[in-house]
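Some notes on the structure that comes next.
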Amino acid sequence: MTKHIFVTGGVVSSLGKGLTASSLGRLLKARGLRVTMQKLDPYINVDPGTMNPFEHGEVYVTDDGGEADLDLGHYERFIDESLSRASNATTGSIYSAVIAAERRGTYLGKTVQVIPHITDEIKRRISQLATDDVDVVITEVGGTVGDIEILPFLEAIRQFRLDVGRQNVCYVHVTLVPYIGPAGELKTKPTQHSVTELRSRGVQPDVIVCRSDRRISDGLREKISNLCDVPIDGVINAPDADSLYGIPLVMRDAGLDDYVCDLLGLETGEPELAAWRALVERTKRAWKPLRIGIVGKYVSLHDAYLSVAEALRHAAIEHEVDLEIEWISSDHVEGLLVAEMIGHLDGVVLPGGFGVRGVEGKVAAATHARETGMPCLGLCLGMQVMTVEFARNVLGLSGANSSEFDTQDTTTPYPVIDLMESQQDVTDKGGTMRLGAYVAVLEPDSQVAKIYDQTVVSERHRHRYEFNPRFKSRFEEAGFRCSGSSPDGQLVEFIELEGHPFWIGTQAHPELKSRPDRPAPLFRAFVEAALDRAEQLDPARFARPPVGIGAAPERSA
């Protein structure tokens, strides 16, 4: 029977429940188990698709077009499995399903209540992942114990153990053990209170993962064990790790996977972690200094571009690059400031987004990269911005723009980015979105075909507007190549500039499929191009010191 692990959190948010769940998933998969994961989010939005990036961070997209929480990105990167829309459920989607069922008469006129109807729907969402080809389902419950909106989820997972049997469920609680500087002590009281609150809801944790900025003593672990009624082997210390991908090794050293497997009766061998350890070691060998700018609309919250940053880091690991990401607000990159703000960089990424704010800054960055030979990677809106830039400054189409930015007073005379005819009469904007994985056919002799080493690829999408085919011939005559298209040839998926080392854009979000040990091809090639250019411009910066003498040279000013 499929085993279930529920991960909850207490005291404060952002403790790392998602990374704890992902790391445990990695360890269990390394033991040969078939693992899938799920996020239950307490917010009332049906999905994060319409939520402000400044508040929520990026929207992660699954192959089947589900708009999901960014934690699904961590899940996929760690367990290297493609998840589906079923792996993310919100309070809003659960209530919507229950209300729709009530309207259909499913409940035969009964009074619809949180218990049993809402909790039953939550349990149904959990159970649907427990298929015959899955050994373990790891479910993270968002929010923190004590939040009012989390209560139906806690009640559902409490009931779930009774439904499937105690031997098939493990509760993991992630909590904070803060260090109080003036006292010079780590304090367990927040953990005690958090566990007390969880137990008051009928859930007794089997494992307590103690987050701290330093290691805790065995004496403190024993104290937590006694006061929280958890065996000491189930009190796992998770101090801050040197790198994101080092967390599974920290958990392994603390015995988390051993304890969980014993508790659930999972008979496996030791985890095969040689490749993962080698990956972590490669992160420590990085020495080639490289500065990449992310020129975006939402850079004040780095989580808004979490997958982009991780994809860059994956490529950096492969190339032994000591990556420095500069977060540059596209609101500020205009006019004479362009060279000052991005001229010192080795490459720029123009990420996705919606709305007109900051677009002109992205256009300016694309111009600078095109004119100076700086590698530039455009993603979704970034590709559209590169198209607008080329139309204005090379083709001479003054006022060229995306029709997304048309207003009542101003309409672009050259809508080089536009809605397709089939989308024009759709009143529900959600109905015009391209969401999920789509196939593209690449021109055999193009840069992108060489980068992917194949001519048919699939990447995930999340956008509404498309390259306007009415202008395609004019672009291609000027060296702007539409190097990848939909199988029917109607939609442009990839663009590149002939004669430029790397000025490539895609309508897709290839960052969503990048893995730490298998970087997304476009990001791998982009970092390689940026590294080549940097080494040509400043060879001294990459003069590696003899082994054992000094450290790698500091980055140039």
Side-chain angles (χ1 to χ4, degrees), residues 243 281-296 299 302 305 308-330 332-351 361-379 382 386 389 393 447 450-451 496-505 511 514 519-557:
S243 72
E281 283 302 312
R282 286 203 303 275
T283 67
K284 299 175 183 178
R285 294 201 302 267
W287 67 277
K288 303 171 187 175
L290 201 67
R291 297 169 297 220
I292 300 297
I294 296 179
V295 183
V299 294
H302 296 177
Y305 301 114
V308 174
E310 286 307 305
L312 285 170
R313 294 185 181 109
H314 300 164
I317 291 171
E318 180 166 303
H319 291 293
E320 295 191 349
V321 160
D322 181 13
L323 179 66
E324 178 185 356
I325 295 177
E326 291 196 18
W327 300 89
I328 301 167
S329 173
S330 58
H332 304 148
V333 186
E334 293 187 27
L336 298 176
L337 293 176
V338 179
E340 179 181 337
M341 295 194 70
I342 70 173
H344 63 290
L345 299 172
D346 301 312
V348 291
V349 177
L350 308 178
K362 286 177 178 275
V363 171
T367 302
H368 181 87
R370 179 179 56 79
E371 293 178 343
T372 63
M374 176 185 289
C376 177
L377 174 60
L379 309 170
M386 294 165 77
E389 188 281 326
N393 300 323
Q447 277 185 279
K450 294 173 183 175
I451 289 168
E496 60 189 56
L497 185 60
E498 293 178 0
H500 194 287
F502 196 104
W503 201 79
I504 295 174
E511 68 272 16
S514 186
L522 278 183
F523 281 83
R524 184 185 62 240
F526 167 72
V527 167
E528 183 177 12
L531 187 60
D532 288 345
R533 180 174 184 269
E535 289 178 324
Q536 290 172 12
L537 294 177
D538 187 6
R541 185 168 140 212
F542 296 89
R544 188 168 192 172
V547 176
I549 301 178
E554 294 183 1
R555 297 184 178 92
S556 302

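- Within the 4.5 Å cutoff, side-chain heavy atoms of Arg541 are placed close to those of Asp346.
- Counting heavy atoms from C-beta on, the side chains of Ile451 and Phe502 come closer than 4.5 Å.
- Contacts of Glu498 classified as side chain to side chain contact (heavy atoms under 4.5 Å, CB included), with partners at least two apart in sequence or in another chain: Arg481.
- The side chain to side chain contact (heavy atoms under 4.5 Å, CB included) test with Glu535 singles out one residue from Asp538, Leu537, Leu531, and that residue is Leu531.
- Taking all atoms of both residues into account, the shortest heavy-atom contact from Gly293 to Leu345 is CA-CD1, 3.6 Å.
- Not a single ring pair (Phe, Tyr, Trp, His ring centres under 6.0 Å) links Phe523 to another residue, sequence neighbours left out.
- The pair Glu320-Arg285 meets the salt-bridge criterion, with a side-chain N (NZ, NE, NH1 or NH2) lying under 4.0 Å from an Asp/Glu carboxylate O.
- Summarising the geometry of Gly373 relative to Pro501, their closest heavy-atom pair is O-CG, 3.4 Å, with the distance given to 0.1 Å.
- A donor-acceptor contact shorter than 3.5 Å links the side chain of Lys362 to the backbone of Val295.
- Partners of Ala369 according to the side chain to side chain contact (heavy atoms under 4.5 Å, CB included) rule, which considers only residues two or more places apart in sequence or in another chain, are Val348, Met374, Cys376, Trp503.
- Under the side chain to side chain donor-acceptor pair (under 3.5 Å) criterion, the residue pairs touching residues 309-319 are Tyr245-Glu310, Tyr245-His314, Glu310-Arg313, His314-Ser514, with sequence neighbours excluded.
- Between the CE atom of Met386 and the CD atom of Glu496 there is a distance of 10.0 Å, given to the nearest 0.5 Å.
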One pair to check against side-chain contact (heavy atoms from CB on, under 4.5 Å): Ile292 and Phe526. What are the steps and the verdict? CA-CA 10 Å; Ile292 300 297; Phe526 167 72; 3.8 Å; yes
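- Listed by chain and number, the residues in a salt bridge (Lys or Arg N to Asp or Glu O under 4.0 Å) with Arg370 are Glu389 (sequence neighbours excluded).
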Test side-chain contact (heavy atoms from CB on, under 4.5 Å) applied to Ile294 and Trp327, step by step: CA-CA 5 Å; Ile294 296 179; Trp327 300 89; 3.8 Å; yes
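- Annotation: side chain of Val527 is in contact with side chain of Leu312 (closest heavy-atom distance under 4.5 Å).
- Considering every non-hydrogen atom in both Leu497 and Gln447, the closest pair reads O-OE1, 3.9 Å.
- Within the model, atoms CD1 of Ile504 and CG of Leu379 stand 11.5 Å from one another, a figure rounded to the nearest 0.5 Å.
- The OG atom of Ser330 sits 9.5 Å away from atom CE of Met341, with the distance rounded to the nearest 0.5 Å.
- Judged as a side chain to side chain donor-acceptor pair (under 3.5 Å), not a single pair has a partner in residues 521-533 (not counting sequence neighbours).
- Taking both residues in full, the closest heavy atoms of Leu350 and Ala366 are given as CD1-CB, 3.9 Å, listed atom of the first, atom of the second, then distance.
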